[in-house]
Amino acid sequence: MSGRTNREPVAVAGIGQTKHAAARRDVSLAGLVREAARRALDDAQLSWADVDAVVLGKAPDFFEGVMMPELYLADALGAAGKPVLRVHTAGSVGGSTALVAADLVAARVQRTVLAVAFEKQSESNAMWGLSLPVPFQQPLLAGAGGFFAPHVRAYMRRSGAPDGVGALVAYKDRRNALRNPWAHVHEHGITLEQVRSSPMLWDPVRYSETCPSSDGACAVVLTDRAGAARAPHPPAWVHGGAMRSEPTLFAGKDFVSPRAGRDCAAEVYRQAGITDPRRELDVAELYVPFSWYEPMWLENLGFAAEGEGWKLTASGATELGGELPVNPSGGVLSTNPIGASGLIRFAEAALQVRGRAGEHQVDGARKALGHAYGGGAQFFSMWVVGDRLPTT
């Protein structure tokens, strides 16, 4: 999405999600992805024959133990005789999948593309999948939380943030999830004290401040200007999108605010013509698998100055009715089918500007950010979507 000269405008015309749960034993992998894809096509009032290509994304194959699942799933996604692309960028893969699909439309290679991402963690063991020995890499013997907890501590030390900020984020996102029928975790009657008193898993990250392990899928229909004109509902227009990455480990790496994240956000804002994201974006769906990453990403993405992200969270600005609602869907803290989690962020941003987010709709949302990260905070994908055709 580096420039718009001679590029086709890209619209999100259909969005579909499964009901996310700890274990979707009622469907196979094929049934899971087809459920999301069928809902996206129904939203766009399209048939399988209207799809020109399919882009499929998921996290490592070890998470289910099915190697090269794109081959197994082609029939379920109506892709017989059509181009199928597989994308993999660790936890950011859902966002990367949407961007690859969008670029196929923008480059006029295809006119209508179905982007699908999924995970069925109940059929394998993500902790085992994350703990495989990799030469010259830091082991993840305590899982993702054990890897990221020291970076949270580093943020707290750097910013002076008090201990309770993470609980505020988790309490907000779990309450937001109650408004989202697709969300995995629905904790009715949850209180802030329950979050604060939940068991410590990886200091300072408590049980209620971490993401669940979910089965689920998400699908998005991306199309050109002519396809958008035929769509039954107002589309979301892609105003900018970018991916950036950096090594997991290198001398001088800033784990608190990775350079790749800052560069990715800067490129997306440049494309979208955004100079003040806090004022110009109405809602943000951020990839927050551990609650403390909300204030950390607020700084990394330019919504707050360095050391000030936690103050934005603590002020209530990121609440559903606040100045900058963050994760009105409940976010990754409430739903985490890893391969699909990034696409859900992108899809939820698009739902907001389409005015179709249901009970968690942000009033007057016209521009939104979808954000995903993966690996050791090394892969980033983001897009900005709006309710109007972007200007050239």
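Remember, it's a predicted structure, so these values are computed and weren't measured experimentally.
- The main-chain N or O of Ile344 is never found under 3.5 Å from a side-chain atom of Glu348 such that the two would form a donor-acceptor pair.
- More than 12 heavy atoms of other residues, nucleotides or ligands sit less than 6.0 Å from atom CZ of Arg108.
- Formation of a donor-acceptor pair under 3.5 Å by the His239 side chain with backbone atoms of Arg388 is found in this model.
- Using the six-membered ring where Trp is involved, Phe255 and His151 have ring planes that are parallel, under 30° apart on the 30 and 60° scheme.
- Arg354 contributes a side-chain N or O that, together with a main-chain N or O of Pro234, makes up a donor-acceptor pair within less than 3.5 Å.
- Residue pairs meeting the side chain to side chain donor-acceptor pair (under 3.5 Å) criterion with at least one member in residues 301-310, sequence neighbours excluded: Glu308-Lys311.
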Can you check side-chain contact (heavy atoms from CB on, under 4.5 Å) on Leu298 and Leu286, steps first, answer last? CA-CA 9 Å; Leu298 288 173; Leu286 306 184; 4.3 Å; yes
I would like to know whether Asp215 and Ser122 meet side-chain hydrogen bond (donor to acceptor under 3.5 Å, both in side chains); could you show each step before the answer? CA-CA 7 Å; Asp215 286 359; Ser122 66; 2.6 Å; yes
Test side-chain contact (heavy atoms from CB on, under 4.5 Å) on Leu114 and Trp48 and set out the steps. CA-CA 9 Å; Leu114 177 67; Trp48 299 103; 4.3 Å; yes
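- When side chains are defined from C-beta on, Trp202 does not count as touching Val152, because their heavy atoms never get closer than 4.5 Å.
- For the pair Ser381 (side chain) and Ser92 (backbone), a donor-acceptor distance under 3.5 Å is present.
- Inter-residue side-chain proximity for Val221 and Leu41 is flagged as met; some heavy-atom pair is nearer than 4.5 Å.
- Side-chain contact, Ser257 with Glu299: no donor N or O sits under 3.5 Å from an acceptor N or O.
- Side chain of His88 to main chain of Ala90: a donor-acceptor pair is present (N/O by atom type, distance under 3.5 Å, no hydrogens or angles).
- A salt bridge links Arg366 to Asp387: one of the charged nitrogens lies within less than 4.0 Å of a carboxylate oxygen.
- More than 12 heavy atoms of other residues, nucleotides or ligands sit less than 6.0 Å from atom CZ of Arg38.
- Taking the six-membered ring for Trp, Tyr373 and Phe148 have ring centres closer than 6.0 Å.
- Environment of CG in Asp363: sparse, with no more than 12 heavy atoms of neighbouring residues, nucleotides or ligands closer than 6.0 Å.
- Under the 3.5 Å distance criterion, the side-chain polar atoms of Trp297 are matched with a main-chain donor or acceptor of Tyr287.
- Remark: Lys19 does not engage Asp26 in a salt bridge, criterion side-chain N to carboxylate O under 4.0 Å.
- Scanning both residues, Asp50 and Thr112, for their nearest heavy atoms gives O-CB, 3.6 Å.
- You'll find the side chain of Tyr155 stays beyond 4.5 Å of the side chain of Val165, heavy atoms only.
- Note on Leu324 and Leu168: separate hydrophobic clusters, where clusters join Ile, Leu, Val, Met, Phe, Trp and Tyr whose side-chain heavy atoms are under 4.5 Å apart, directly or indirectly.
- Between the side chains of Arg356 and His233, at least one donor-acceptor pair of N or O atoms lies under 3.5 Å.
- Leu222 and Val33 fall into different hydrophobic clusters, defined by Ile, Leu, Val, Met, Phe, Trp and Tyr side-chain heavy atoms under 4.5 Å apart, directly or through other members.
- At least one side-chain heavy atom of Trp292 sits less than 4.5 Å from a side-chain heavy atom of Met156.
- Listed here is the closest heavy atom pair of Pro337 and His20: CG-ND1, 3.9 Å.
- Listed by chain and residue number, nothing satisfies the salt bridge (charged side-chain N to carboxylate O under 4.0 Å, His left out) test with Arg206 (two or more places apart in sequence, or in another chain).
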Cut-off 3.5 Å, no hydrogens considered: what does the side-chain donor-acceptor table look like for residues 61-69, sequence neighbours left out?
{"unit_1": "Asp61", "atom_1": "OD1", "unit_2": "Arg86", "atom_2": "NH1", "d": "3.3"}
{"unit_1": "Asp61", "atom_1": "OD1", "unit_2": "Arg86", "atom_2": "NH2", "d": "2.9"}
{"unit_1": "Asp61", "atom_1": "OD2", "unit_2": "Met68", "atom_2": "N", "d": "3.1"}
{"unit_1": "Glu64", "atom_1": "OE1", "unit_2": "Lys58", "atom_2": "NZ", "d": "2.8"}
{"unit_1": "Glu64", "atom_1": "OE2", "unit_2": "Lys120", "atom_2": "N", "d": "2.6"}

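- Taking OH of Tyr171 as the start and CD of Glu319 as the end, the distance is 8.5 Å to the nearest 0.5 Å.
- Closest of all the heavy-atom pairs between Pro204 and Ala149 is CD-O, 3.9 Å.
- Within the 3.5 Å criterion, the main-chain N or O of Leu312 finds a donor-acceptor partner in the side chain of Ser315.
- Two different hydrophobic clusters hold Val195 and Val288 under the rule that ILVMFWY side chains link at heavy-atom gaps under 4.5 Å.
- A donor-acceptor pair is defined here as one N or O able to donate and one able to accept, closer than 3.5 Å; such a pair exists between the side chain of Glu119 and the backbone of Gly339.
- Here the closest non-hydrogen pair linking Ala284 and Pro328 is O-CD, 4.2 Å.
- Cluster annotation: Val54 and Leu29 are assigned to the same hydrophobic cluster (Ile/Leu/Val/Met/Phe/Trp/Tyr, side-chain heavy-atom contacts under 4.5 Å, transitive).
- Under the 4.5 Å side-chain heavy-atom criterion for grouping Ile, Leu, Val, Met, Phe, Trp and Tyr, Phe147 is not connected to Met200 through any hydrophobic cluster.
- A donor-acceptor distance shorter than 3.5 angstrom exists from the side chain of Asp52 to the backbone of Arg111, with no hydrogens or angles considered.
- Summarising the geometry of Ala236 relative to Val353, their closest heavy-atom pair is CB-CG2, 3.4 Å, with the distance given to 0.1 Å.
- We find that Arg279 and Glu323 are joined by a salt bridge, their nearest charged nitrogen and carboxylate oxygen being less than 4.0 Å apart.
- Atoms CG and OG1, from Asn327 and Thr335 in turn, are 10.5 Å apart once rounded to the nearest 0.5 Å.
- With sequence neighbours left out, Cys211 forms a side-chain contact (heavy atoms from CB on, under 4.5 Å) with Pro289, Val332, Asn336.
- With sequence neighbours excluded, the residues satisfying salt bridge (charged side-chain N to carboxylate O under 4.0 Å, His left out) with Asp203 are Arg153.
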Tell me, with the steps shown, if Gln17 and Cys218 meet side-chain contact (heavy atoms from CB on, under 4.5 Å). CA-CA 4 Å; Gln17 292 185 54; Cys218 181; 4.0 Å; yes
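- Remark: the Arg39 side chain and the Thr18 side chain contain no N/O donor-acceptor pair separated by less than 3.5 Å.
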One pair to check against side-chain contact (heavy atoms from CB on, under 4.5 Å): Val326 and Lys172. What are the steps and the verdict? CA-CA 9 Å; Val326 173; Lys172 167 182 68 73; 4.3 Å; yes
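- The distance from atom CE of Met296 to atom CZ of Phe290, rounded to the nearest 0.5 Å, is 11.0 Å.
- The shortest side-chain heavy-atom distance between Gln194 and Glu187 does not fall under the 4.5 Å cut-off.
- Of the N and O atoms on the side chains of Ser214 and His184, at least one donor lies less than 3.5 Å from an acceptor on the other residue.
- Between Leu46 and Arg230, the closest side-chain pair of non-hydrogen atoms is not below 4.5 Å.
- The hydrophobic cluster containing Leu32 also includes Val27, under a criterion of side-chain heavy atoms closer than 4.5 Å among ILVMFWY residues, counted directly or through chains of members.
- Distance check, rounded to the nearest 0.5 Å: CZ of Phe380 to OG of Ser96 gives 11.5 Å.
- Taking CG from Asp75 and CZ from Arg34, the interatomic distance works out to 9.0 Å, rounded to the nearest 0.5 Å.
- Here the shortest heavy-atom pairing between Ala44 and Pro232 reads O-CD, 3.4 Å.
- A donor-acceptor pair under 3.5 Å is absent between the side-chain atoms of Gln352 and the main chain of Ala357, judged by distance alone.
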